[in-house]
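I have placed the structure first, in the form of structure tokens, so that the comments after it can refer back to it.
Note that the structure is a prediction, hence the values are computed from the model and not measured.
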Amino acid sequence: QVQLQESGPGLVKPSQTLSLTCTVSGGSITTNYYFWSWIRQSPGKGLEWIGYIDYSGTTYYSPSLKSRTSISRDTSKNQFILQLSSVTPEDTAVYYCARDQRTVETGANFDYWGQGTQVTVSS
């Protein structure tokens with residue numbers, strides 16, 4: 001059974017960089033052909049996909065967040081990390097990490113999710 005757990009600060013000041021870690025157990029983040037995504041949900045809004053890092057280390061980001069987003073990984077710890085720079089209160093959300101079995105035919109297909117972590121951007 002694959003499990004994902006988000007961790008990181010719950011409060012970030014405006015203009016700073018938000019950094020969250022997703023620790024994966026029960027499966028390796030380098031296993032073909034999985035993608036490891038970050039997703040968020042702001043108050044009163046739907047889910048917003050942020051980006052992914054795949055089994056080979058290749059990344060892809062949402063165009064709307066690309067300029068501020070970086071996703072990396074630590075394969076020795078089986079973790080992948082989200083960094084979102086220059087945050088504003090509009091980045092306040094519950095942030096989730098998830099495993100994605102996307103294909104060209106199906107598109108995004110999230111089968112395992114972390115429980116989510118609340119991040120508030122406020123001075």
Side-chain angles (χ1 to χ4, degrees):
Q1 179 80 354
V2 175
Q3 294 184 315
L4 298 92
Q5 178 67 59
E6 305 90 349
S7 60
L11 180 64
V12 182
K13 295 186 186 307
S15 80
Q16 292 188 342
T17 296
L18 177 163
S19 184
L20 296 174
T21 298
C22 183
T23 301
V24 180
S25 59
S28 172
I29 63 172
T30 62
T31 299
N32 295 347
Y33 294 98
Y34 293 119
F35 299 75
W36 303 91
S37 281
W38 286 98
I39 301 146
R40 69 182 183 181
Q41 186 166 27
S42 302
K45 298 183 180 179
L47 294 169
E48 180 182 21
W49 176 75
I50 300 169
Y52 69 65
I53 186 165
D54 76 8
Y55 54 95
S56 71
T58 300
T59 55
Y60 187 77
Y61 307 125
S62 168
S64 65
L65 295 169
K66 182 178 180 180
S67 64
R68 300 194 291 128
T69 305
S70 175
I71 299 176
S72 59
R73 66 181 184 172
D74 184 337
T75 56
S76 68
K77 297 180 180 178
N78 215 36
Q79 297 174 331
F80 60 107
I81 301 103
L82 168 69
Q83 291 188 303
L84 183 66
S85 64
S86 304
V87 297
T88 72
E90 285 66 43
D91 294 307
T92 294
V94 177
Y95 285 76
Y96 299 92
C97 57
R99 192 179 78 169
D100 185 353
Q101 295 195 76
R102 66 177 58 208
T103 67
V104 173
E105 292 79 20
T106 66
N109 180 17
F110 306 110
D111 59 350
Y112 290 99
W113 293 71
Q115 64 183 23
T117 187
Q118 173 70 46
V119 177
T120 300
V121 179
S122 175
S123 56

Those residues at least two apart in sequence (or on a different chain) that pass salt bridge (Lys or Arg N to Asp or Glu O under 4.0 Å) with Arg73 are none
side-chain contact (heavy atoms from CB on, under 4.5 Å) filter on Ser122, not counting sequence neighbours, yields Leu11, Thr120
Any side-chain heavy-atom pair from Glu6 and Leu20 closer than 4.5 angstrom? no
How would you list all residue pairs meeting salt bridge (Lys or Arg N to Asp or Glu O under 4.0 Å) that involve residues 84-97, not counting sequence neighbours? Arg40-Asp91, Arg68-Asp91
According to the disulfide bond (SG atoms under 2.5 Å apart) rule, which pairs have a member within residues 37-79, sequence neighbours left out? none
Partners meeting side chain to side chain donor-acceptor pair (under 3.5 Å) with Asn78 (sequence neighbours left out): none
Sorted by chain and number, sequence neighbours left out, ring-ring contact (aromatic ring centres under 6.0 Å, His included) with Tyr34 holds for none
Would you mind writing out the side-chain donor-acceptor pairs for residues 49-60 within the sub-3.5 Å range, not counting sequence neighbours?
{"residue": "Trp49", "atom": "NE1", "partner": "Ser37", "partner atom": "OG", "Å": "3.1"}
{"residue": "Asp54", "atom": "OD1", "partner": "Ser56", "partner atom": "N", "Å": "2.8"}
{"residue": "Asp54", "atom": "OD1", "partner": "Ser56", "partner atom": "OG", "Å": "2.7"}
{"residue": "Asp54", "atom": "OD1", "partner": "Gly57", "partner atom": "N", "Å": "3.1"}
{"residue": "Asp54", "atom": "OD1", "partner": "Thr58", "partner atom": "N", "Å": "3.0"}
{"residue": "Ser56", "atom": "OG", "partner": "Thr58", "partner atom": "OG1", "Å": "3.1"}

What residues, two or more places apart in sequence or in another chain, satisfy side chain to side chain donor-acceptor pair (under 3.5 Å) together with Ser76? Asp74
Test of understanding: with ring-ring contact (aromatic ring centres under 6.0 Å, His included), list the residues that count as partners of Phe110, not counting sequence neighbours. Trp113
Pro89 meets the side-chain contact (heavy atoms from CB on, under 4.5 Å) criterion, sequence neighbours left out, with Val121
Give every residue pair that meets the salt bridge (Lys or Arg N to Asp or Glu O under 4.0 Å) criterion with at least one member in residues 8-33, sequence neighbours excluded. none
Interatomic spacing from CG in Leu84 to OH in Tyr95 - rounded to 0.5 Å: 5.5 Å
Smallest separation among heavy atoms of Tyr96 and Leu47, with atom names: CE1-CD2, 4.4 Å
Scan the side chains in residues 21-32 for donor-acceptor partners under 3.5 Å anywhere in the protein, sequence neighbours excluded, and list what turns up.
{"residue": "Thr23", "atom": "OG1", "partner": "Gln79", "partner atom": "NE2", "Å": "3.0"}
{"residue": "Ser28", "atom": "OG", "partner": "Thr30", "partner atom": "N", "Å": "3.1"}
{"residue": "Ser28", "atom": "OG", "partner": "Thr30", "partner atom": "OG1", "Å": "2.8"}
{"residue": "Thr31", "atom": "OG1", "partner": "Ser28", "partner atom": "O", "Å": "3.2"}

